[in-house]
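Notes to accompany the following structure.
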Amino acid sequence: MKNVYLLGATGSIGRQTIEIIEQNPNDFNLVAISGYNQLDELIDIASRCSLKMICVKNQEDAAVLKGIFKETEIVYGDEGLKSVASLNPEDSEAFLINALVGMVGLAPTIAALSINRDVLLANKETLVVGGHLIQELLASHSAKLYPLDSEHNAIWQALNAESMDSVNRLIITASGGSFRDYTREQLQSVTIEAALDHPNWSMGQKITIDSATMMNKGFELIEAAYLFDIDIDRIVPIIHRESIIHSMVEFVDHSIIAQLGPHDMRMPISYAMYYPNRKPNPTQPLDFSTINALHFEAVDYDRYPLLALAISAFKQGGSQRTVLNAANEVAVALFLEGKISFLDIEAIVIDAVKKHQGIPNPSLDEIIAIDQAIKTQIRNEYEK
Ligand code: NAD
Ligand code: MG
């Protein structure tokens, strides 16, 4: 029996995690959770599971939950997220699932690894902005970091504990997102609804927009560089519109091992939760008689400038990645609020990274300060 601490319980990944936990009550016990804007859903989860701690958005929401769940500790805000991540430090049969969206996930990841708690990471922004801090922590602690993102989970499976010395390249597949068949001209007038209509995956809003701009693939290259400690130039993105191959490892002898499966995040989540074992899950198996062909196309970096920008920001290092992520978070939010156009997202992020005077190896406090400054500055500019 493993104890599960879950951040982002009310999101796309969080809900699927709870589904796996509730289907396997002899294997997992949900101890503490967080949510943000969905108080009713948190109340519903807490009524079904006996929780030790719940983290909510703010003090007002905390007061509501305190009135209902007298035995449960109720915390809130960014400090509350860290409290959930590091609750019961002596609990060794446990892991944290970080399914938060945004760089708000970095500090709780650090809090969990610092008490030697394994982390199953969906929150890719943790590695985009703080990969250097996480690598340091992993080097000095026994805790492990396991990827839930389907591409990284696929690489983890394909590697099957072989040495990275045997690896030539990592090949990361990309669906191409909602607008993969649009020209740059057609992108000028796309709607929010069209952007949120991903061809293959059902995910949270932010990652769906990041997939349409391919910022998501840029983030995934950075994520892979840290997770597998490999030069980013040896990580190759390729468009694969069926999303059946989730990613591949090419070894030095040019043998390639790919991981295939349905587009269903319950598969990578379950793999990580049961690792090193496997457990049946309710996903639909692939039916090869209905898959006529698998397609691959080279990525056009002019078509997806944010992918190119993510690679160059990673190579520049330091706080450029903080700015890349902060500008993207606020630009995606402004787009979803109907305040800017789809192509403005790119323009805002490119401009912010270009203007930033970077600092090397930013600390957590420096990352938080730069993140806040960039977000405030961009919001002020576009909400005038
Ligand atoms: P989501 O938007 O569906 O859920 C996000 C969760 O974080 C929710 O519980 C929300 O309440 C919480 N949250 C949002 N802002 C918060 C804040 N400021 N403070 C505290 N909590 C906050 O997102 P998702 O699609 O589940 O994605 C979660 C993470 O996993 C992201 O980093 C995403 O890139 C990554 N990911 C998701 C998928 C997927 O299939 N959904 C696949 C791969 C990777
Ligand atoms: Mg992914």
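Below, each value reflects all heavy atoms present in this structure, side chains not excepted, and no hydrogens, waters or symmetry copies. Whatever order the structure lists them in is the order used to number ligands and atoms, beginning at 1.
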Which heavy atom of the protein is the closest neighbour of [atom], given with residue, atom name and distance?
atom: atom 32 (O) of ligand 1; result: E125 OE1, 2.8 Å
atom: atom 41 (N) of ligand 1; result: S12 OG, 3.1 Å
atom: atom 9 (O) of ligand 1; result: T10 OG1, 2.8 Å
atom: atom 42 (C) of ligand 1; result: M265 CE, 3.7 Å
atom: atom 21 (N) of ligand 1; result: L100 CD2, 3.4 Å
atom: atom 18 (N) of ligand 1; result: Y36 CZ, 3.4 Å

Find all atoms of ligand 1 within a distance of less than 4.0 Å from any non-hydrogen atom belonging to [X], and give their numbers and elements.
X: D149; value: 43 (C), 44 (C)
X: N123; value: 32 (O)
X: Q38; value: 11 (O)
X: G11; value: 1 (P), 3 (O), 4 (O), 8 (C), 9 (O), 26 (O)
X: I207; value: 25 (O), 33 (C), 34 (O), 36 (N), 37 (C), 38 (C), 42 (C), 43 (C), 44 (C)
X: K124; value: 32 (O), 34 (O), 44 (C)

When the ring centroid of [X] is compared with that of [Y], is the distance short of 6.0 Å?
X: Y76; Y: Y36; value: no
X: Y226; Y: F314; value: yes
X: F95; Y: Y5; value: no

Next item on the list: Using a 4.5 Å cut-off on heavy atoms from C-beta on, say whether the side chain of M273 contacts that of T17.
Entry: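 Counting from C-beta outward, T17 and M273 do come under 4.5 Å.
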
Short N/O distance, under 3.5 Å, between [X] and ligand 1?
X: G35; value: no
X: A122; value: yes
X: G204; value: yes

Check: Mind checking whether Y275 and W156 have parallel, tilted or perpendicular rings, split at 30° and 60°?
Finding: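 Ring orientation, 0 to 90° scale: tilted.
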
Next item on the list: Examine the side chains of T109 and N98 and answer whether a donor and an acceptor come within less than 3.5 Å of each other.
Entry: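 N98 and T109 do have a side-chain donor-acceptor pair below 3.5 Å.
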
Next item on the list: Take E125 and N325 through the test side-chain hydrogen bond (donor to acceptor under 3.5 Å, both in side chains) and record every step on the way to the result.
Entry: CA-CA 7 Å; E125 295 88 351; N325 178 72; over 6 Å; no

Notebook entry, point to check: Is it the side chain, the backbone, both or neither of A99 that has a heavy atom closer than 4.0 Å to ligand 1?
Noted result: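 The answer is the backbone.
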
Next item on the list: Could you tell me whether K57 approaches ligand 1 through its side chain, its backbone, both or neither, with non-hydrogen atoms closer than 4.0 Å?
Entry: neither

Item checked: Considering all heavy atoms, the nearest P147-H152 contact -> CB-CB, 3.5 Å

Check: How close do G176 and R180 get, heavy atom to heavy atom, and via which atoms?
Finding: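 Minimum heavy-atom contact is O-CB, 3.4 Å.
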
Note to self: Just to check, does K206 reach to within less than 4.0 Å of ligand 1 when the distance is taken from its heavy atoms?
What the structure shows: no

Check: S211 and side-chain contact (heavy atoms from CB on, under 4.5 Å): which partner among I209, I207, T213?
Finding: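 Exactly one candidate clears the test, I207.
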
Next item on the list: Take N116 and S142 through the test side-chain hydrogen bond (donor to acceptor under 3.5 Å, both in side chains) and record every step on the way to the result.
Entry: CA-CA 6 Å; N116 274 322; S142 60; 3.2 Å; yes

Checklist line | Q59 atom CD, neighbour heavy-atom count above 12 within 6.0 Å | finding: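 No.
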
Note to self: Just to be sure I understand the site: which N, O or S atoms from the protein are less than 2.8 Å away from the Mg ion (ligand 2)?
What the structure shows: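 Correct list: D149 OD1, E151 OE1, E220 OE2.
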
